Amino acid sequence: MTTTDQPRPKRPRATAISWRVRVALLVLLTAAIATIWTTNRLLTDRFTESTRYRAELRLALYSGNLLSELRRNAIVPQLLSRDPTLIAALQSKDYSHSTQRLISFVEEIGAASLLLLDQDGRVVAATDRNRLGQLRRQEAYFVDAIRANATVFSVIPRETGGYAFTYSRRISDSAGILGVIVVEVDLAKFERAWAGISDAVLVSDSSGAIVLATEPRWRGLSEEEALQRQTPQGAIQRAIRMTADWTALPIDAYLQGEAVMRMETRIPFRGWRIASFTTYTSIREKVNAVLALEIMGFAILLAAAFYVLSRKTALRMALFQRESAELRALNLRLQREIAERERVQENLAVAEQTLAQSSKLAALGEMSAAVSHELNQPLAAMKTYLAGARLLLRRNRPEEALSSFGRIDDLLERMGAITRQLKSYARKGSEALSPVNLGDALLSSLAMMEPQLRQRHVRITKILPEQPVLVMGDRMRIEQVMINLLRNALDATKSVNDPEIEIILAAGETATLTVRDNGLGIEDFDALFEPFYTTKQPGDGVGLGLAISSGIVNDLGGRLTARNGQKGGAVFEMQLPILDESIEAAE
């Protein structure tokens, strides 16, 4: 009886937004952009024209007030030059009542101040008593008034900044010139009044120099120079300024980093001109308020459209949630597998350390057989020296017996050195690193390998530098690497009639130890440093020496490489970071 598989339910597909929805969104977005752009242009033009009209009215009002003040004060010098009291005071040089009379005039006229100068240019009467006695014969209003038989208008720079505007006229009688009457026009009150509005206003003379301005630092400059005197702006401020100007018409100028509308008119007085700078702030606020409402409306429409689309994605979200639950379960399984793999790796690391120590002890056992042979010779010699010393003592020759005891002591020291080398090689290396002289470590390694080298009659060639070669490492582990390299070279020369091993220690950018033999060379470089790879006969080794040595060198920040020599044999190089002697001394 055969069974048929039940059809699996089809999973809903995550389809993209249909082309109708895309077209609808595109039309809505296009309509929004077109509406906002059209509204921006129309409202900007309308509000800009309204602002320009109001600015023109204000400028006409300012110009009229300024001209009225100038004309009203222009007639005062002519009237005061005919005042009999002032003429009599100049004739009699009695100015006791002149200052009081000028003070009574200034209240009626509304001028800033009045000055009466004698024919020598000395202030003999003034509404400001601090000026009495001052000599003003070099001032333009005195010199021009003496030369001209008419009222003279002068613009005098102040020491404290700004300008003084004066009308002056000479006072004379039948005998000649008696003095000069000076009327100072108070135009600073217009600057103070203009400072209370949002517009910037300036008045320039026929030469283009600014004589009145809402910005005190503009006085004395041309309009172009004044507009360039503004606080330096960074890139962020310039970007903000450009984004703020997007709703305005092409601007006339920038004032203090802000776009402004410039209006100018002529004052019918000595070629003077007055200009105002009106910001677009109010225009932007009005236009942006309307645009904000339109954008809000379109945003509501878009939100409604996205809400409708979100309803269609509810089924897909349910599917995604189910798939997410499956992925979470898979993730848990993967985490368990990863934890298991980490435990296996930790066990493997422990096993590698154990095998490394075992390999070390195996090498130690191999060396101990040769060392025991070395110990037998000193023991036999010691026995002979002791028998000789006993015989010498019986013959009453103690000094010769002492020399025999000295030879016995030397033999004991040699045996202790051999046993100490074995004990140090058997210990595990310490975790702390310290400066190590590779030359000393090499000599110690050769001393431990001396019995095997002597038994094989291998010719050793050593090339060592005169200066110490220092590296930062663990001496026991470095000696273990050196002994492994010497053992490999020794084993590689077993089938050679004249075995040779060349050892070169060099110091440059790195400390390099080169061990070269004249054996058969290396056949498989890929598996050379792999654990348990060996070309020796069973019982001669387990293939961990080079793998352990490579790991030790890598841990110390160096590298262990191998190649075949040009004249045959294998060449092993151990490179370690060299230790700077100046750094070692500082430490």
Side-chain angles (χ1 to χ4, degrees), residues 363 367 414 417-418 420-421 424-425 429-430 432-454 456-493 498-519 521-522 528-529 545-546 548-587:
M367 288 188 292
R414 179 182 176 186
I418 295 173
R420 282 196 300 271
Q421 291 173 354
S424 65
Y425 185 72
S430 61
L433 302 182
S434 61
V436 177
N437 187 349
L438 290 185
D440 294 343
L442 179 60
L443 295 178
S444 178
S445 301
L446 287 171
M448 281 187 283
M449 293 292 296
E450 183 179 359
Q452 300 178 22
L453 297 174
R454 188 183 303 168
R456 287 282 313 281
H457 303 288
V458 179
R459 186 173 68 180
I460 303 295
T461 303
K462 294 180 294 183
I463 302 177
L464 305 179
E466 296 180 357
Q467 300 296 329
V469 181
L470 299 178
V471 298
M472 185 65 72
D474 180 4
R475 177 164 177 168
M476 295 298 103
R477 301 177 71 189
I478 291 176
E479 290 181 359
Q480 181 180 355
V481 175
M482 292 179 176
I483 290 174
N484 283 335
L485 295 180
L486 292 173
R487 288 185 60 199
N488 283 341
L490 190 62
D491 293 340
T493 57
D498 298 322
E500 296 180 3
I501 297 177
E502 183 180 10
I503 304 172
I504 302 174
L505 179 60
E509 295 182 357
T510 60
T512 305
L513 175 67
T514 304
V515 179
R516 180 183 292 109
D517 61 63
N518 61 342
I522 302 171
L528 184 63
F529 296 103
L546 289 178
I548 294 173
S549 299
S550 178
I552 292 174
V553 174
N554 289 336
D555 292 341
L556 297 179
R559 63 174 184 171
L560 181 62
T561 59
R563 69 177 188 275
N564 286 324
Q566 296 180 354
K567 298 181 180 180
V571 180
F572 286 87
E573 284 187 354
M574 177 181 68
Q575 295 180 351
L576 293 174
I578 197 165
L579 179 63
D580 192 351
E581 294 183 0
S582 61
I583 297 177
E584 180 188 2
E587 293 178 352

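For the single chain, residues carry numbers from 1 onward in sequence order. Everything numeric here is computed off the predicted structure, so don't read it as measured data.
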J.: Give me the atom names and distance for the closest heavy-atom approach of Thr510 to Thr512.
T.: OG1-OG1, 3.5 Å
J.: Working to the nearest 0.5 angstrom, can you tell me the gap between Leu470 CG and Ile578 CD1?
T.: 7.5 Å
J.: Please report the shortest heavy-atom distance between Ala489 and Ile501, naming the atom on each side.
T.: CB-CD1, 3.8 Å
J.: Could you check whether any side-chain N or O of Asp517 sits under 3.5 Å from a backbone N or O of Ala570, counting only pairs where one atom can act as donor and the other as acceptor?
T.: yes
J.: Roughly how far, to the nearest 0.5 Å, is OG1 of Thr514 from CE of Met574?
T.: 9.5 Å
J.: Do you know which two heavy atoms are closest between Glu502 and Ile463, and how far apart they sit?
T.: OE2-CD1, 4.0 Å
J.: When you look at Ile478 and Leu576, which way does the side-chain contact (heavy atoms from CB on, under 4.5 Å) test go after all the steps?
T.: CA-CA 10 Å; Ile478 291 176; Leu576 293 174; 4.3 Å; yes
J.: Considering non-hydrogen atoms only, spot the tightest contact between Ser445 and Met482 and give its length.
T.: OG-CB, 3.6 Å
J.: Mind listing the closest non-hydrogen atom pair of Leu438 and Ala511 along with its distance?
T.: CD1-CB, 3.7 Å
J.: Heavy atoms, side chains only, cut-off 4.5 Å: are Leu513 and Val469 in contact?
T.: no
J.: Could you give the distance from CD1 (Ile503) to OG1 (Thr461), rounded to the nearest 0.5 Å?
T.: 8.5 Å
J.: Could you measure the distance from the OG atom of Ser550 to the CG atom of Leu560? Nearest 0.5 Å is fine.
T.: 5.5 Å
J.: From Leu443 CG over to Lys462 NZ, what is the distance, rounded to the nearest 0.5 angstrom?
T.: 5.5 Å
J.: Taking the side chain as every heavy atom from C-beta outward, state whether Arg459 and Pro499 have any pair of such atoms under 4.5 Å apart.
T.: no
J.: Is the side chain of Asn518 donor-acceptor paired with the backbone N or O of Glu500 at a distance under 3.5 Å, no angle test?
T.: yes
J.: What distance separates Glu573 CD from Thr561 OG1, expressed to the nearest 0.5 Å?
T.: 4.5 Å
J.: Stepwise, does the side-chain contact (heavy atoms from CB on, under 4.5 Å) test hold for Ile504 with Arg516?
T.: CA-CA 9 Å; Ile504 302 174; Arg516 180 183 292 109; 4.0 Å; yes
J.: Restricting to non-hydrogen atoms, name the atom on Leu505 and the atom on Gly439 that form the minimum distance, rounded to 0.1 Å.
T.: CD2-N, 3.7 Å
J.: Flag the pair Val471 / Leu556 as yes when at least one side-chain heavy-atom distance between them is below 4.5 Å, and no otherwise.
T.: no
J.: Carefully, step by step, assess Asp440 and Arg475 under the rule side-chain contact (heavy atoms from CB on, under 4.5 Å).
T.: CA-CA 10 Å; Asp440 294 343; Arg475 177 164 177 168; 3.9 Å; yes
J.: Please step through side-chain contact (heavy atoms from CB on, under 4.5 Å) for the pair Phe572 and Val481, ending with a clear verdict.
T.: CA-CA 11 Å; Phe572 286 87; Val481 175; over 6 Å; no
